[in-house]
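The next block holds one structure in the form of structure tokens; read it before the comments.
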Protein chains: 2
Amino acid sequence: MSGDWQPGQRIPVEHELATEYRCSRMTVNKALSALAERGMIVRRRKAGSFVAAQQIDRTVMDIQDISTEAELAGYQHDYQMLMRRIERLDASDAALLREPAGAEILRLQCLHLVDGKPNAIERRIIMLDAVPLARDEAFASVPPAKWLLEQVPWSKARHIIRAVSADAATARLLETERGEACLTLIRQTWQNGGTVTYVEITHPGDRFQFAGDFQPAEKDAFDHTTRRSAT
Amino acid sequence: MSGDWQPGQRIPVEHELATEYRCSRMTVNKALSALAERGMIVRRRKAGSFVAAQQIDRTVMDIQDISTEAELAGYQHDYQMLMRRIERLDASDAALLREPAGAEILRLQCLHLVDGKPNAIERRIIMLDAVPLARDEAFASVPPAKWLLEQVPWSKARHIIRAVSADAATARLLETERGEACLTLIRQTWQNGGTVTYVEITHPGDRFQFAGDFQPAEKDAFDHTTRRSAT
DNA sequence: TATATCTATTTGTATAGACAAAAGCGGGTC
DNA sequence: GACCCGCTTTTGTCTATACAAATAGATATA
């Protein structure tokens with residue numbers, strides 16, 4: 001516990017730390033790289049390593065496919081295809097996805113049931129350019145998430161979690177009240193810079209939540225107490 | 001692209017991969033360790049490395065302190081202390097926190113304003129055993145999250161994100177409608193196995209969301225296409 | 001059969017050395 | 001001033017080697 005590190009403060013160079021702690025530079029490098037990956041320090045060649053300015057609380061959330069999740073919890077998962085339509089991307093969706101309007105898409109809507117009870121509505125857009133095989137796929141037995149997973153690897157994903165009030169259609173499908181608080185997970189996945197799919201999954205708020213853990217894992221590298229945000 | 005990996009399938013041992021790809025075992029080890037850290041494979045000494053069973057979509061969410069978040073976005077942050085009371089942990093909260101009932105706690109409730117508008121209600125429990133200094137702190141100028149951060153390092157955190165409908169009191173404070181969908185972030189932090197603090201932060205759903213990114217970063221180690229869940 | 005012990009395999013981690021890549025810095029030129 | 005060039009520092013990464021730690025599987029023992 002040799003004290004706190006102020007944001008922006010420079011950390012001694014690897015070589016110095018190595019001699020100070022009687023270990024090889026590789027070992028120091030590994031430790032500092034781990035800290036950098038966690039966002040606690042920032043490293044720049046020639047400039048050096050610095051305590052990160054915004055000390056952020058990085059939480060790892062395990063966000064799963066509904067069917068997998070149900071399976072793991074030992075529940076039965078089922079789903080119904082409510083809509084399946086080939087369209088062209090309209091202006092508003094194009095802006096949302098940041099893809100050119102007019103691109104051919106497959107628009108899906110389906111209802112997921114866990115243990116026989118409605119658990120989520122999935123509204124999905126699949127870019128047919130990126131996944132041409134989807135054009136002829138009915139998704140009769142395999143849910144779209146699973147099917148896509150087997151067809152297309154993705155290289156980047158972005159998630160957004162929102163609270164929304166159930167509109168009339170959503171409430172009816174999820175067998176809940178209109179205006180009920182729902183948790184919507186929005187996920188967009190990319191491959192080679194192009195969108196593969198965009199999906200909004202809406203869960204009834206009283207039957208769903210997201211959980212995530214964080215532990216530093218690094219064994220207090222170099223005996224310093226590192227600061228963290230948001231307690 | 002030598003094909004997919006089936007969950008549970010065994011990966012050749014480091015030594016074999018090293019000779020196959022003409023690199024040192026250290027390099028292989030680093031690559032596989034990175035995959036293991038991402039949860040894509042599971043490694044066990046003597047047994048070997050295996051493709052992870054539940055292929056989970058790990059998303060890193062940066063969950064920040066409200067005041068920090070507002071600052072970063074260039075907004076003005078303010079807050080009002082609504083309640084500050086020393087109590088003893090009752091049975092229901094004890095069960096929630098998994099701490100023994102009767103422990104002395106400081107219960108806080110405050111309202112956060114961003115750019116003058118109500119943005120969140122913070123309901124917090126601070127364990128006075130873990131943070132004795134909190135007993136005499138009025139939190140007049142420094143918000144509890146920031147103050148705690150400076151006082152107590154934590155070693156483990158758990159987050160839960162839920163959608164809830166605003167009750168009458170919440171709606172009034174957040175200047176929104178009763179029943180409005182809200183996003184609640186629950187965070188519990190520990191130090192040495194004991195709870196430091198437990199907090200519920202409720203945001204109006206129309207003014208808040210959580211976002212998280214994921215990219216594999218590993219440059220497709222060993223030319224295999226790894227599977228990932230939930231597209 | 002159940003249990004303890006040994007052994008070989010596999011991962012985990014540390015080390016010293018080497019070179020590559022990025023980038024800050026200064027000096028020179030215009 | 002701006003711009004270019006090369007020097008040097010610092011991080012990034014790989015290699016070969018070595019040993020430690022865990023443990024699956026085989027063997028011995030009760």
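Chain naming here is simple, since letters A, B, ... match the order of the sequence lines and numbering starts at 1 in each. Reckoned from all heavy atoms, side chains included, excluding hydrogens, waters and symmetry mates.
For the pair B:Leu32 CG and C:dT10 P, the computed distance is 14 Å after rounding to whole Å. In this structure, the CG atom of B:Leu35 is 12 Å from the P atom of C:dG12, given to the nearest Å. A:Glu37 has its CD atom 13 Å from the C1' atom of D:dG12, to the nearest Å. One can place OH of A:Tyr21 at 19 Å from C1' of C:dT13, the figure rounded to the nearest angstrom. Atom NZ of A:Lys30 and atom C1' of C:dA14 are 8 Å apart (whole Å). Atom CZ in B:Phe50 sits about 13 Å away from atom P in D:dT23, given to the nearest Å. Atom P of nucleotide C:dT15 and atom CG of A:Leu17 are separated by 13 Å, given to the nearest angstrom. Atom-to-atom, NE2 of B:His15 to C1' of D:dA16 comes out at 13 Å; the value is rounded to the nearest Å.
Dashed line: the shortest gap from a side-chain N or O of A:Arg43 to OP1 or OP2 of D:dG12 is under 4.0 Å. Neither OP1 nor OP2 of D:dT17 sits under 4.0 Å from any side-chain N or O of B:Ser24. Residue B:Ser49 places at least one side-chain N or O under 4.0 Å from the OP1 or OP2 atom of C:dT11.
Side-chain proximity of A:Thr27 to C:dT11, C:dA23, C:dT15: nearest is C:dT15. Among the nucleotides D:dT9, D:dT11, D:dA24, the one closest to any side-chain atom of A:Lys46 is D:dT9. Here D:dG12 is the nucleotide among C:dG17, D:dG12, D:dT8 with the atom lying nearest to any side-chain atom of A:Arg25. When the nucleotides C:dA20, D:dT23, C:dA16 are ranked by their closest atom to the side chain of A:Arg45, C:dA20 comes out on top. Checked against D:dT23, D:dT10, C:dT15, the side chain of B:Met26 finds its nearest nucleotide in C:dT15.
With respect to A:Arg43 and A:Glu14, a salt bridge is recorded, a charged nitrogen being found less than 4.0 Å from a carboxylate O. Under the 4.0 Å criterion applied to side-chain N and carboxylate O atoms, A:Arg135 and A:Glu104 are assigned as salt-bridge partners.
Note: A:Arg123 CZ to A:Ile121 CD1 = 5.0 Å, rounded to the nearest 0.5 Å.
When only modelled atom types and interatomic distance are considered, B:Glu99 and B:Thr195 share a side-chain donor-acceptor pair under 3.5 Å.
Nearest-nucleotide mapping onto DNA chain C: of B:Arg10 and B:Asn29, the residue sitting toward the 5' end is B:Arg10.
Note: B:His77 and B:Tyr79 have parallel aromatic rings, judged against thresholds of 30 and 60 degrees for the angle between ring planes.
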